[in-house]
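Presented below is the structure to which this report refers.
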Protein chains: 2
Amino acid sequence: MSTSNVLAEREQIVAAADRLFYTHGIQAVGIDRVRTASGVSLKKLYSLFPSKDALLVAVLRHRTGEWDAGIAEAAAQATDAREKILAIYDFLNEWFRQDDFRGCAFINSFGELGAVSPNVATVARDQKVTFQRYVANLVDEAGAPASLAPQLAILAEGAQTTAAISGTPDAAAHARAAAVVLIDAALSS
Amino acid sequence: MSTSNVLAEREQIVAAADRLFYTHGIQAVGIDRVRTASGVSLKKLYSLFPSKDALLVAVLRHRTGEWDAGIAEAAAQATDAREKILAIYDFLNEWFRQDDFRGCAFINSFGELGAVSPNVATVARDQKVTFQRYVANLVDEAGAPASLAPQLAILAEGAQTTAAISGTPDAAAHARAAAVVLIDAALSS
DNA sequence: TTTCGTAGAGAACGTGCGTTCTCTCGGCTA
DNA sequence: TAGCCGAGAGAACGCACGTTCTCTACGAAA
């Protein structure tokens, strides 16, 4: 029951909260529901996460890790920077087609609590900035001008909200096609 | 006290709720705060809007009208379809730089209540679909292939979330630059 | 075996909010 | 002038949720 068990419990709670928050929204899910789903006592839950806000921050940080890993895995099969960039949109394409897809958790959380919880706003912004840097590195590696990077990042963001609200997973393919045009135009100049 | 006054009261309530919801988030603002801000009795408020959900729908429909008007006004000065498309991003650019900008109200509302309120999800989707059609018409008018339209719409969506979360109003300029490349590439093929 | 500490289970508390109810007052009618 | 209708003001209600408190029971140490 030592450290490893505590970590396992943390992960269980975070995983349960993540699923519930993402599916139903944050304020629509009570702490007690998280407790039931994670099968842990309320006391333990509050000893690990002193508030719902802290739990939410942990959930979002966990999502950041999963997102980074997913992007990296998608890029692993690519050989050059251009393909690694396009792998982002392929990754999005698969994600959008999952049954439980309900948009970007960071965008949703920011929309729901960004004005009320500075912590949530910070975590969401951190995730976006990290992604923008990732894209910027690949653009640099591809030898394209730096101005291309924010354009590609905007395409990825727009695909997520479009897929979520309009319910069109094709948004990933559209974003990918646009990215191809933008990259090739940038490289040929 | 007759019809015109009721309309004025409706507008007052909607305007007050819009500002409060957009600034602080929907669930963070109580009905009583809306009542105070609009200076109307609770009874009248509930006689005009039978529930908070109905009020929110009215607010979002009102926002749809304002968005359409803003886009139309920006396009009014343009001479051809290409410039009308680019006027969208100029409109976004001005909007992002306003002090009270806090992202797209439809994206925020959808993230907060889309999973809980079907009405909110519908209104948000309607707005996005209407905008997509608007872009599609301009793309058609410009003589570009239809596949360009969703790409331009995705750029606009992505610019909004990027500007909101990352706090970078430049997203509008980046999206505009990308749009220029995409349009010209589509027209020259 | 007894005692002490700890952790689990959930009751309880305070608060806030959406919604409804009640009371009162002002104006119109006979 | 007396009675009635409608609307405004806000008190009240019921509920849900975040957080804390209490009680119980079990296991380890002496």
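Source: prediction; values computed, not measured. All chains are named by letter (A, B, ...) in the order of the sequence lines, taking the proteins before the strands, and each is independently numbered beginning at 1.
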What is the distance from [atom1] of [X] to [atom2] of [N], rounded to the nearest Å?
{"X": "A:L48", "N": "C:dA7", "atom1": "CG", "atom2": "P", "value": "11 Å"}
{"X": "A:D32", "N": "C:dG8", "atom1": "CG", "atom2": "C1'", "value": "14 Å"}
{"X": "A:D53", "N": "D:dC17", "atom1": "CG", "atom2": "P", "value": "18 Å"}
{"X": "B:L42", "N": "C:dG18", "atom1": "CG", "atom2": "C1'", "value": "9 Å"}
{"X": "B:Y46", "N": "D:dA12", "atom1": "OH", "atom2": "C1'", "value": "14 Å"}
{"X": "A:L55", "N": "D:dG18", "atom1": "CG", "atom2": "P", "value": "10 Å"}
{"X": "A:K43", "N": "C:dA11", "atom1": "NZ", "atom2": "P", "value": "16 Å"}
{"X": "A:R35", "N": "C:dG10", "atom1": "CZ", "atom2": "P", "value": "7 Å"}

* To do: Look at A:K52 and D:dG18 and indicate whether a side-chain polar atom (N or O) is within less than 4.0 Å of OP1 or OP2.
  => yes
* Indicate the ring-plane relationship of B:F101 and B:F96, choosing parallel, tilted or perpendicular according to the 30° and 60° boundaries. => tilted
* Asked: How is A:V29 classified with respect to the nucleic acid when contacts are heavy atoms under 4.0 Å: base, sugar-phosphate, or nothing?
  ->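 Sugar-phosphate contact only.
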* Single-linkage hydrophobic cluster, 4.5 Å side-chain cutoff, A:L20 and A:L113 together ->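 Same cluster: A:L20 reaches A:L113 through Ile, Leu, Val, Met, Phe, Trp or Tyr contacts under 4.5 Å.
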* **Ring-ring centroid check B:F106 B:W67, cutoff 6.0 Å** =>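 Distance test on ring centres: not under 6.0 Å, no.
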* Is a salt bridge present between A:D170 and A:R97, judged by a nitrogen-to-oxygen distance below 4.0 Å? -> yes
* Asked: Which nucleotide sits closest to the side chain of B:S41: C:dG10, D:dA9, D:dG10?
  ->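 When the side chain of B:S41 is considered, D:dA9 is the closest of C:dG10, D:dA9, D:dG10.
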* In terms of side-chain heavy atoms of B:I31, which of D:dT19, C:dG8, C:dT19 is nearest? ->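 Among D:dT19, C:dG8, C:dT19, the one nearest the side chain of B:I31 is C:dT19.
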* If you fit an axis to the five pairs at each end of the helix from C:dT1-D:dA30 to C:dA30-D:dT1, how big is the angle between those two axes, to 10 degrees? -> 30°
* To do: Compute both the distance and the angle, then confirm whether A:R63 meets the cation-pi test with A:F21: under 6.0 Å from the six-membered ring centre, within 45 degrees of the axis.
  => no
* **Minimum heavy-atom distance B:A172-B:Y89, with the two atoms named** =>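 Minimum heavy-atom contact is CB-O, 3.8 Å.
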* To do: Would you mind telling me which of B:Q132, B:R125, B:K128, B:Q127 makes a side chain to side chain donor-acceptor pair (under 3.5 Å) with A:S166?
  => B:Q132
